[in-house]
Amino acid sequence: MKFEYRPFAVLGFVTAAVLIACVYLNEYAAVFAVAAGLVSLVLTLCVRKFRHKMLPYFLSAALIISGSVFIVRDSGFGNTAEAFDGKSLEVSAVVTESAQRKNSRVYYMAKAEEADGDEVDFSVRLSLPYELDVQIGDRITMPVKLYKIGANSDSAALYYMAKGVRLGAYPDSEKEFDSSTVKIEYAAKQPAKQFFADIRNISERRIYEKLPNEYGALINGMLFGDTDLLSQETQNNIKEAGIAPLFAVSGLHLSIWVLGLYEILKQFNIRKRLNSAVCIVFTLLFMAVTGMRASVFRAGIMMIIMLSGNLLRRRQDSFNSLGLAAFLLCISEPYTVADLGFLLSFTATAGIVLCCPMFERCVLSKFSDRLILRPVKSIISTVAVSVFATLGAFPVTVIFLKYFSVWTVITNLAVSFLAPICMLFGGLSVMLYRVGFLSDFAALISGISVKAIEFIIQKIASADITTVSTADNFWQYGIIISLCFLVFTAIAFKGRRAVKAACCGILIIAVAFSAGSYVYYDGLMQAEIINLGSSYSVIIHDKSFKALIGCGLDSYSSVNISDRLDYAGRGDSEIFLLPKSQSDNTETYSLLKNNSFGTVVTKECSESLKTVTGSAKIVDSGNYEYRLNNGSAVYFYDTDELSLAMLEFTDKKVLFILNADYGAELPEEFSEADCLVCAQIVPDSIDESGFSFVIACGTQVVAQSVVQDKAFVNTTVVEAFRFDSVTVNIKNGNIKIITRED
């Protein structure tokens, strides 16, 4: 592939690569990028061979601009978060997005302009117990407590940083929170963003009027990316079937509408240039209504460039268009590269743009243009596009989502003809809402299509094998090294030699990392400790088993635990050992709703808990034993004064004290262990000399007080607050503590 004629592709791809390195690897990569860009620029100016070429200047510009923008943005994020973290202030902020509801809370994105009377300039995520009568553009003034988002979850921090938000806020005195503590100033003039949000909300309501059930939720999910009203079972089926991108508004949705409109206008003999101008306006409106999401913005820029080529009578280049879209998105918000929608959309599109022309030349061109072969050619082309999009997005799926569906290609092919029909007629039912019988007919067609899609999803999701976990590091590093090798072969070789070298190299890498993964994980049991401040949780897993012990008592704990459960992979959790002290709170219910457990064990199970556990088997017991296939076991003991769990594996024991009083007596079977994990109170009956390892969880004050209260002798003590993660590995009768620094 020749890049000398694609300067915007180089500009966009290099910018995105630098920012990904800065966000996910090390922020010092930005300084290195700026330095490398300056060196590259000096060499370009000094070396005559490069001086008159365009590409080196674009490369230097990408390195300098991306590094500089990240340094400025990261400095602003860091300084703002550090300055306001933990402070209680009266904040005045302007609402920038419509309210979002989740886990009995209401969330607003807002732009803070004043804090205790001083001018400020930062975005904040406001969490409230109920919805306010406000719209985009209205000003809210109230006393809040600010905090840095993502203190316990890197993925949550990156998600909101991609939206330009680093601080969260909640009412400073939530028990007394009412309308008297909130001052609202309504905007004199409705902003354009609210106008487009109203269009989206009206459209969603009209679809629900026509199809007031799960089918309406599915159609809205495909049209607007709103999946909040989908049942958890349907969301799990979508994930397992591998068609989650269908419910994230992207280029597919925009292409269906714009190309459909283009063909309709063409049938009315509208001139090509006027047709393109109308479609450009429609593209801009679509981008506005869907909230300018990264994936839609990428598709919109590419579509506008393509249509502009018709206006200017110039042929557009797909790689240049994709690169320009990437550059504009990344420079406007460097943390956009942390948005999975951005990564999936760009890599899938790159896979199509890179592979489809070669497939056209090497395969489809061999087919005769006879009428009888055209359907076969069309089917093969459709299959190829689905395969190339899946291959393009595969590295992102493996590295960031930590799983991939084995049915992705088949499911996408099965719904590829139904989804456009569903979306087109769903949209028509909204636009023709005032023409009753036409709107009803369009809703009927859309409903039949979405019913067929749901049937296909359910059948595929019910297969014995649906997803493959890629959570371990061998998958991650194998994919990264393979990508680097592909880039090397593309630069070093040409034509068939490049293809042969790439295939051989990737095969060798796959075999090596598969063998390494098997050797490392064979006979290994892991207990991952999730430090939650006042408490902790534990995920126990090996190749075939996964269990959760304990949970937190706030929304950030439940989100963090859910993230780690996904990262651990290996399907659904077999058991959830839930202490009585943590069993009856909103965030526990949220954790149960968002994750699948085979068995939930707790003492004195409430009716509310039974309602949210779904298909899980509930064991109402304070003394439980779960035997593993290899003869090992997990034990659980729960009373009003003491909650314990123990993992016994290959003659090694790990004791987890989840909740305890100082005077509590340990049962005899829990009195000896090789490793102790605790937080806050450790009973006086504990023999501190009997442990080889002690992991003290909680905040710095809590962890250090536990260590000081108990004089642990000849013991390796790990204070969990010092690390991003702490894992206990048991293999071949040995215990090893693995820590990863933040």
Side-chain angles (χ1 to χ4, degrees), residues 77 80-81 84-85 89 91-113 122-153 155-175 177-179 181-184 191 193-194 197-198 200-201 204 220-221 224-230 232 235 248 290-294 333 335 338-341 552-563 585-587 589-591 593-594:
F77 260 143
T80 301
F84 291 98
D85 185 25
L89 303 167
V91 171
S92 180
V94 176
V95 178
T96 56
E97 290 187 17
S98 299
Q100 293 182 329
R101 299 159 193 81
K102 188 174 182 182
N103 301 334
S104 74
R105 304 286 295 181
V106 180
Y107 299 96
Y108 292 93
M109 296 293 185
K111 187 77 171 179
E113 297 181 343
F122 59 83
S123 295
V124 65
R125 176 179 181 258
L126 181 61
S127 171
L128 300 177
Y130 58 79
E131 188 171 355
L132 300 176
D133 182 23
V134 294
Q135 292 183 332
I136 296 173
D138 296 339
R139 181 189 296 270
I140 302 174
T141 304
M142 61 180 294
V144 298
K145 180 143 188 194
L146 297 166
Y147 63 93
K148 185 165 62 175
I149 290 179
N152 294 320
S153 173
S155 60
L158 289 175
Y159 174 80
Y160 286 107
M161 287 167 79
K163 293 178 174 291
V165 178
R166 192 68 178 92
L167 286 168
Y170 56 87
D172 196 21
S173 301
E174 197 159 313
K175 291 182 179 178
F177 177 72
D178 55 38
S179 57
T181 63
V182 182
K183 299 175 185 176
I184 299 175
K193 194 171 184 180
Q194 180 61 48
D198 288 341
R200 185 170 61 250
N201 294 333
E204 289 181 352
N220 275 325
F224 305 106
D226 181 10
T227 59
D228 290 343
L229 294 178
L230 287 173
Q232 189 61 45
Q235 292 188 42
T290 53
M292 286 289 183
R293 302 184 185 193
E333 176 50 72
Y335 280 93
D339 183 352
L340 277 178
L553 299 175
D554 57 66
S555 60
Y556 309 104
S557 297
S558 63
V559 170
N560 195 10
I561 292 170
S562 294
D563 288 345
N585 69 82
T586 303
E587 302 311 327
Y589 301 156
S590 173
L591 184 63
K593 284 181 179 178
N594 295 329

Could you grab the distance from atom OG of Ser98 to atom NZ of Lys193, nearest 0.5 Å is fine? 8.5 Å
I'd like to check Tyr170 versus Tyr147 (side-chain heavy atoms, cut-off strictly below 4.5 Å). Are they in contact? yes
Is there a ring pair (Phe, Tyr, Trp, His ring centres under 6.0 Å) between Phe84 and Phe122 once you walk through the steps? CA-CA 10 Å; Phe84 291 98; Phe122 59 83; 4.8 Å; yes
Across all chains, not counting sequence neighbours, the side-chain hydrogen bond (donor to acceptor under 3.5 Å, both in side chains) partners of Tyr108 are none
Check whether any side-chain heavy atom of Pro129 lies under 4.5 Å from a side-chain heavy atom of Pro171, and answer yes or no. yes
Keeping Lys148 on the side-chain end and Arg166 on the backbone end, is there a donor-acceptor pair under 3.5 Å? no
Roughly how far, to the nearest 0.5 Å, is CG of Asp85 from NZ of Lys145? 9.0 Å
For Gln194, enumerate each residue passing the side-chain hydrogen bond (donor to acceptor under 3.5 Å, both in side chains) test, keeping only those at least two apart in sequence or located in another chain. Asp198
Taking side chain to side chain contact (heavy atoms under 4.5 Å, CB included) as the test, write out the residues that go with Ala110, two or more places apart. Ala93, Val124
Check salt bridge (charged side-chain N to carboxylate O under 4.0 Å, His left out) between Glu333 and all other residues, then give those that pass, not counting sequence neighbours. Arg73
Answer yes or no: does atom CD of Gln100 have more than 12 heavy-atom neighbours from other residues, nucleotides or ligands under 6.0 Å? no
Exercise answer: donor-acceptor pairs, residues 132-143 side-chain atoms, under 3.5 Å, sequence neighbours excluded:
from	atom 1	to	atom 2	distance (Å)
Asp138	OD1	Ala187	N	2.8
Asp138	OD2	Gln135	N	2.7
Arg139	NH1	Ser92	OG	3.1
Arg139	NH1	Glu113	OE1	2.9
Arg139	NH2	Glu113	OE1	2.8
Thr141	OG1	Ser92	OG	3.2

How long is the gap from CZ on Arg200 to CG on Asn220, to the nearest 0.5 Å? 11.0 Å
Check: Met109 main-chain N/O paired with Thr96 side-chain donor or acceptor under 3.5 Å: yes
Within 45° cone and under 6.0 Å: Arg125 NZ/CZ vs Tyr107 ring: yes
